[in-house]
Amino acid sequence: MNNYLLKNANLYRNQKFQIVDILIEDGVITEIAQNIEKNIPTYDLKGKMVSHNFIDMHVHLREPGFEYKETIASGSLSALYGGYGTVVAMANTQPCMDDLDTIHDFQKRVEKDAHVNVYTYSAITTDLKGKELVDMAHIVEEDIVLGFSDDGKGVQSDEMMDLAMQLASNIDSIIVAHCEDESELQGGCIHDGLYAKKHHLVGINSASEYKQVARDLELVRHYHNRYHVCHISTLETVELLRQAKKDGLPVSGEASPHHLILTEENIRDCHPNYKMNPPLRSKEDHQALIRGLNDQTIKVIATDHAPHAREEKNRPIQDAPFGIIGIQHAFPLLYTYLVQKNLVKLETILDALTTGPAHVLRLKGTVEVGAIANLCIFDLEKSFVIEEKDIRSKSINTPFLGVTCQGKLVANIINGKMIEMEEM
Ligand SMILES: [Zn+2]
């Protein structure tokens with residue numbers, strides 16, 4: 001059974017690190033203390049970091065409908081190898097996750113195939129078309145649905161969003177918003193900035209994001225409903241969210257690893273693996289995101305893991321689909337590019353991967369006695385190169401291939417069960 005002792009772990013919990021032993025019996029953490037002795041399988045974790053395993057509140061698992069890009073099995077395996085224990089899938093599947101039949105079918109697939117805990121959002125509007133609200137009150141009764149999102153599309157109609165926010169408030173659920181004002185778009189593929197100008201590409205302006213965020217925050221002021229902004233990419237959005245929080249609104253926001261690490265200046269050769277929505281923005285936007293993460297305006301890091309098949313991404317940047325994979329290497333990349341470069345503290349990153357999203361979605365994200373063991377174990381001394389052959393996703397659309405990262409996953413403990421990636 002799942003009985004084992006973790007010795008000398010550098011455990012992160014309650015916002016601090018402490019060297020402790022962790023006793024796990026029947027998959028439950030039964031003791032956290034110094035010098036626990038027990039005659040059961042024992043792992044010496046000297047020098048290793050242990051945290052609650054990560055929660056990604058924004059992934060595209062592509063199933064049902066786009067299994068050639070990713071499946072629940074392959075996407076959740078990527079999550080497992082990334083140190084994640086929980087992911088929340090977006091509703092832009094086919095059929096769309098906008099009714100109970102589709103959601104029940106998804107739940108069955110999850111029970112059969114998933115390697116980590118998998119939840120989903122329901123769409124806000126039928127087939128993400130923005131014309132008709134889903135039956136929110138009915139759908140939210142399903143335990144697997146954690147909120148509502150039309151991710152991939154912004155809800156364009158002010159009246160529709162007004163109604164959705166009001167309903168969300170009534171049923172105490174959350175709107176997870178992909179903010180994109182289509183009246184600002186002209187078919188762009190990267191940020192409307194230096195790189196777009198230099199390469200004569202149509203740009204995507206910042207207003208397309210922050211205008212819709214501003215509209216939504218006005219609605220939250222009125223309804224006081226739970227509201228979360230997806231993949232924040234602009235300086236203006238960070239400022240809007242900071243003010244809304246200051247005003248005491250029940251709002252939150254996420255940033256993705258790629259927006260926290262890269263800017264438009266990192267784009268090379270107009271390669272489609274630098275194409276995502278929202279796009280990589282300017283240096284000033286990047287600095288605003290880092291500031292937002294450091295001052296707790298942004299309390300969630302979510303990957304927006306968006307697999308696409310090779311053929312699709314092998315098109316010119318104007319024609320290739322938006323999105324990159326990200327869940328398997330999120331932590332090592334954040335550790336390498338943000339923590340080791342002294343831009344963000346390790347504690348802040350870990351909070352944004354655990355307690356941050358847990359708080360927003362009302363999930364468990366802390367390590368405590370009595371809880372089912374959900375832990376990840378990293379060796380921060382170890383480095384490795386991100387190679388295609390090691391990618392567990394079905395797709396390889398990432399701009400980080402060939403990059404050397406610090407911080408290797410040693411094991412992931414999912415609901416009490418230990419899965420070892422490295423010899424311990
Ligand atoms: Zn999105």
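As the structure lists them, so they are numbered: ligands from 1, and atoms in each ligand from 1.
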Self-check item: Listed partners of Arg13 passing salt bridge (charged side-chain N to carboxylate O under 4.0 Å, His left out), at least two apart
Solution: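 Here no residue qualifies.
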Fill in: Environment of the Zn ion (ligand 1) in terms of protein N/O/S atoms, cut-off under 2.8 Å
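As for protein N, O or S atoms lying under 2.8 Å from the Zn ion (ligand 1), they are Asp151 OD1, His178 ND1, His231 NE2.
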**Item:** Salt-bridge criterion met for Glu264 and Arg281 (N-O under 4.0 Å)
**Value:**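 Between Arg281 and Glu264 there is no salt bridge, as every charged N stays at least 4.0 Å from the carboxylate O atoms.
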task = Look at atom NE2 of His138 and say whether more than 12 heavy atoms of other residues, nucleotides or ligands are closer to it than 6.0 Å.
result =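 No.
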Quiz prompt | Sequence neighbours excluded - salt bridge (charged side-chain N to carboxylate O under 4.0 Å, His left out) pairs with any residue from residues 147-161 | solution =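 Those involving residues 147-161 are Lys153-Glu182, Asp158-Arg215.
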Hey, can you pull the donor-acceptor pairs under 3.5 Å for the side chains in residues 192-204, sequence neighbours left out?
unit_1	atom_1	unit_2	atom_2	d
Tyr195	OH	Asp269	N	3.3
Tyr195	OH	Cys270	N	3.0
His199	ND1	Tyr195	O	3.1

**Study point:** Geometric class of the Phe331/Tyr335 ring pair [parallel <30°, tilted 30-60°, perpendicular >60°]
**Key:**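 Parallel, since the angle between the ring planes stays under 30°.
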